[in-house]
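Before any comments, here is the structure.
Every chain is numbered from 1 and lettered A, B, ... according to where its sequence line falls, protein lines coming before strand lines. Quick caveat, the model's predicted, so the values are computed rather than measured.
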Protein chains: 2
Amino acid sequence: MVLSSEIREGEFAVEMPPARDAGLVFVGRIRTPWTSRLEAPRQGRHDGPVCRLEIFEPWVPALKGIDFYSNLEVIYWLHLSRRDLVLQSPKNNKSTRGTFSLRSPQRPNPLGTSIVKLVGIEGNTVLVRGLDCLDQTPLVDLKPDRCEFTPLAGDLEGE
Amino acid sequence: MVLSSEIREGEFAVEMPPARDAGLVFVGRIRTPWTSRLEAPRQGRHDGPVCRLEIFEPWVPALKGIDFYSNLEVIYWLHLSRRDLVLQSPKNNKSTRGTFSLRSPQRPNPLGTSIVKLVGIEGNTVLVRGLDCLDQTPLVDLKPDRCEFTPLAGDLEGE
């Protein structure tokens, strides 16, 4: 496991500004088979294991109609990440890249996004395939995948 | 413009819990041609107008290498949205849908995500096509699109 204090050669951390511009409420918890970064896949696969999105109250009624979609976009909070790196060295050499040119979990706002396949619903829990995050990752949002959504947008989207 | 206090027939708002589970720092500001929801498109188009992602310090160096990608994922904060709706009525009738089955801007954590086409970089500003958000929308994150990223993941991703 990478220590959160580790800085590799060529990496650059900034003084992290206070993260008070907006506040998140965790709407659920993600259960996956992976309890350390060494085990977790780099990117989820749609034939990967079933993972569980456990929705908290008062948000459970917001699941109504979600079974209409086979592809969902999941947004989650990578709670173990450091947030102050602007240059990173993925291969641990001098060739650094900017954080915005990587999908690394270390970023100013450590939000992960995945497109997953809906497997089923059990009460307050959504079963999906395609995630790569650690067990107990906080869930931030869940919505139909934009690709699948497009043809229906005129009928269903927006206000 | 829809008033933020408006509730349509069949819609359901909950007591919004305090949004203190995690804090965001705005890393930039999005400039688009649209200043009201009536003007903004429902979904961005890759042949739409060029929009500007103005990156704030200290995050500008995090752009290094971003010109390698033609498709980027943009995450932004829909700052005008109400957050307490769990059932919504997009067509303003009794047929409500759960918030998680919509891409409506009204959601517990009003995060928008778009896949955009990179047009160019000018100093601290990234020019892109494909957005649909209002002018002055706060920018939360910017990363290579997962689709384009896949073949290189083994070389470039991770921490």
Residues from residues 20-29 of chain B approaching chain A under 4.5 Å (heavy atoms): R20(B), D21(B), A22(B), G23(B), L24(B), V25(B), F26(B), V27(B)
Contacting moiety of P18(B), where chain A heavy atoms sit under 4.5 Å: backbone
Contacting region of I75(B) [heavy-atom separation from chain A under 4.5 Å]: side chain
Between CG on residue D141(A) and OG1 on residue T99(B), distance to nearest 0.5 Å: 9.0 Å
Heavy-atom side-chain proximity of R97(A) to K64(B) below 4.5 angstrom: no
Portion of L87(B) that has a non-hydrogen atom of chain A nearer than 4.5 angstrom: side chain
Region of E57(B) that comes under 4.5 Å of a non-hydrogen atom in chain A: neither
Under 4.5 Å from a heavy atom of chain B, the part of V140(A) involved: both
W59(A) portion near chain B, given a 4.5 angstrom heavy-atom threshold: both
Selection from G65(A), S95(A), P17(A), P108(A) maximising heavy-atom pairs under 4.5 Å formed with chain B: P108(A)
Heavy-atom closest contact (P58(A) atom, E15(B) atom, distance): CG-O, 4.3 Å
F100(B) side chain near I55(A) side chain, heavy-atom distance below 4.5 Å: yes
Gap between atom OH of Y69(A) and atom OG of S101(B) - 0.5 Å precision: 6.0 Å
